[in-house]
There are 2 protein chains.
Amino acid sequence: MKAGPDATPFVRLFGRYLREQGLPVTHQREAVAEVVFGSGEHLSVDEIERVLRSGGHRIGKATIYRALDLLVDSKLVAELDFGEGFKRYEHRLSAEPIHEHLICLNCGTVIEFQSAEVHRIEASVSAQHGFRPTRHKLEIYGLCRDCIAAGVEVTSHGLTCPIETV
Amino acid sequence: MKAGPDATPFVRLFGRYLREQGLPVTHQREAVAEVVFGSGEHLSVDEIERVLRSGGHRIGKATIYRALDLLVDSKLVAELDFGEGFKRYEHRLSAEPIHEHLICLNCGTVIEFQSAEVHRIEASVSAQHGFRPTRHKLEIYGLCRDCIAAGVEVTSHGLTCPIETV
DNA sequence: GTCCATGCAAACCTTTTGCACTATA
DNA sequence: TATAGTGCAAAAGGTTTGCATGGAC
């Protein structure tokens, strides 16, 4: 696990959110928050559980899921889905609050980037359709630099000749 | 189920793909392909099963999943994930082969759109990171025109005051 | 006749829920 | 002390797999 920013101020912020909602601030909730805020990664529930266990905590998965729901409600944490069959979570308190992802189909590495253009597209397309946008997700799938250098190829087995449309 | 384009030519195309791969062309595979090609919707496995049953077919879910794997391998069908907890499938043989989605958080309606800009972003960002892109996904979440007109609001319960970062 | 597909059920995996017990406030 | 949270295990929901049977070629 990579060293992250000091998580304590963010954990306090989460505590404040809980109090605002009239909910108890428990050790388990603080521990889950600390792991998520203390990591720069996109963490899965399994990874969060592993970090907690290695830190001496013994917190049930159900409690982790319930704490994550609250963190997402508080808007301090974002839920991500890269199509792996499970969700990942990341804190939203970094300098770049909204970002897009390049995802390597071979090694799973995720590279983050920002794009003002995407926001422009969001605004103009939404206007065209009478849509009121709240958030978006842009993911580009392919091969990362390292996998290209290692000679990895994305295997393709599609039809061998061009598609005749009707 | 909305009336779609004549699916037969596409089913034949799929049959050709199967023969190219040395795989049997079975009635079940053709039936699944016909449902997917015959619909303009993004179909879930349950919906596909329902259409098959109402058409007199009795095909097991496992077979549907296996047929869909082949359709995706053939590149004739795309797998979609709108974060609903299950996958959806759509044919890739329409006039607009690549498209993005506006997704209503209230009613689930999906509006499709195209954007040449997204392709430019894909190319330029990939170049910046030494990444070789194969595909992308842009999804904009929010409220559709009808839900706005119906007075629906996206409920937000985040922190009530601005986030103090450290 | 040889493979491979099918159907069914069981297994799997992530996530949710029920309930007795415990901690917060 | 009242209310809500926790842990465990069971349930749920979508998807995958094992295996005996049946169909494609």
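Below, all heavy atoms of this structure are taken into account, side chains as well, without hydrogens, waters or symmetry copies. Per chain, numbering begins at 1; letters A, B, ... match sequence-line order.
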Measuring only between side-chain heavy atoms, which start at C-beta, is B:Phe86 closer than 4.5 Å to B:Asp46? no
Non-hydrogen side-chain atoms of A:Val36 and A:Leu68 separated by less than 4.5 Å: yes
Gap between atoms [atom1] and [atom2], on [X] and [N] respectively (whole Å):
X	N	atom1	atom2	result
A:Leu68	D:dG5	CG	P	15 Å
B:Arg50	D:dG14	CZ	P	11 Å
A:Ile64	D:dG5	CD1	C1'	14 Å
A:His57	D:dG5	NE2	P	18 Å
B:Leu71	C:dA5	CG	P	14 Å
A:Leu52	D:dG7	CG	P	10 Å
B:Phe82	D:dG14	CZ	C1'	17 Å
B:Asp69	D:dG14	CG	P	17 Å

Looking only at atom types and distance, does a side-chain atom of B:Arg29 sit under 3.5 Å from a main-chain N or O of B:Phe14, one as donor and one as acceptor? no
Closer than 3.5 angstrom, by distance alone: can the side chain of A:Ser39 be matched with the main-chain N or O of A:Val35 as a donor-acceptor pair? no
Inter-residue atom distance [X].[atom1] - [Y].[atom2], 0.5 Å rounding:
X	Y	atom1	atom2	answer
A:Ile48	A:Arg50	CD1	CZ	10.5 Å
A:Glu90	A:Glu41	CD	CD	10.5 Å
A:Arg145	B:Ser126	CZ	OG	11.0 Å
B:Phe131	A:Thr109	CZ	OG1	9.0 Å

Give every pair of a protein N or O atom and an N or O atom of nucleotides 8-15 of chain C that lie under 3.5 Å apart, one pair per line with the distance.
| unit_1 | atom_1 | unit_2 | atom_2 | d |
| --- | --- | --- | --- | --- |
| C:dT15 | OP1 | A:Lys87 | N | 2.8 |
| C:dT15 | OP2 | A:Tyr65 | OH | 2.4 |
| C:dT15 | O5' | A:Tyr65 | OH | 3.2 |

Once the angle between the rings of B:Phe10 and B:His91 is folded into 0 to 90°, is it parallel (under 30°), tilted (30 to 60°) or perpendicular (over 60°)? parallel
Please confirm whether the shortest side-chain N or O distance from B:Gln28 to OP1 or OP2 of C:dG7 is below 4.0 Å. yes
Should A:Thr63 be listed as having a side-chain N or O under 4.0 Å from OP1 or OP2 of D:dG7? yes
Below 3.5 Å between N/O atoms, which protein atoms pair up with nucleotides 23-25 of chain C? Just atom names and distances, please.
| unit_1 | atom_1 | unit_2 | atom_2 | d |
| --- | --- | --- | --- | --- |
| C:dT24 | OP1 | A:His27 | ND1 | 3.2 |
| C:dA25 | OP1 | A:Val25 | N | 2.8 |

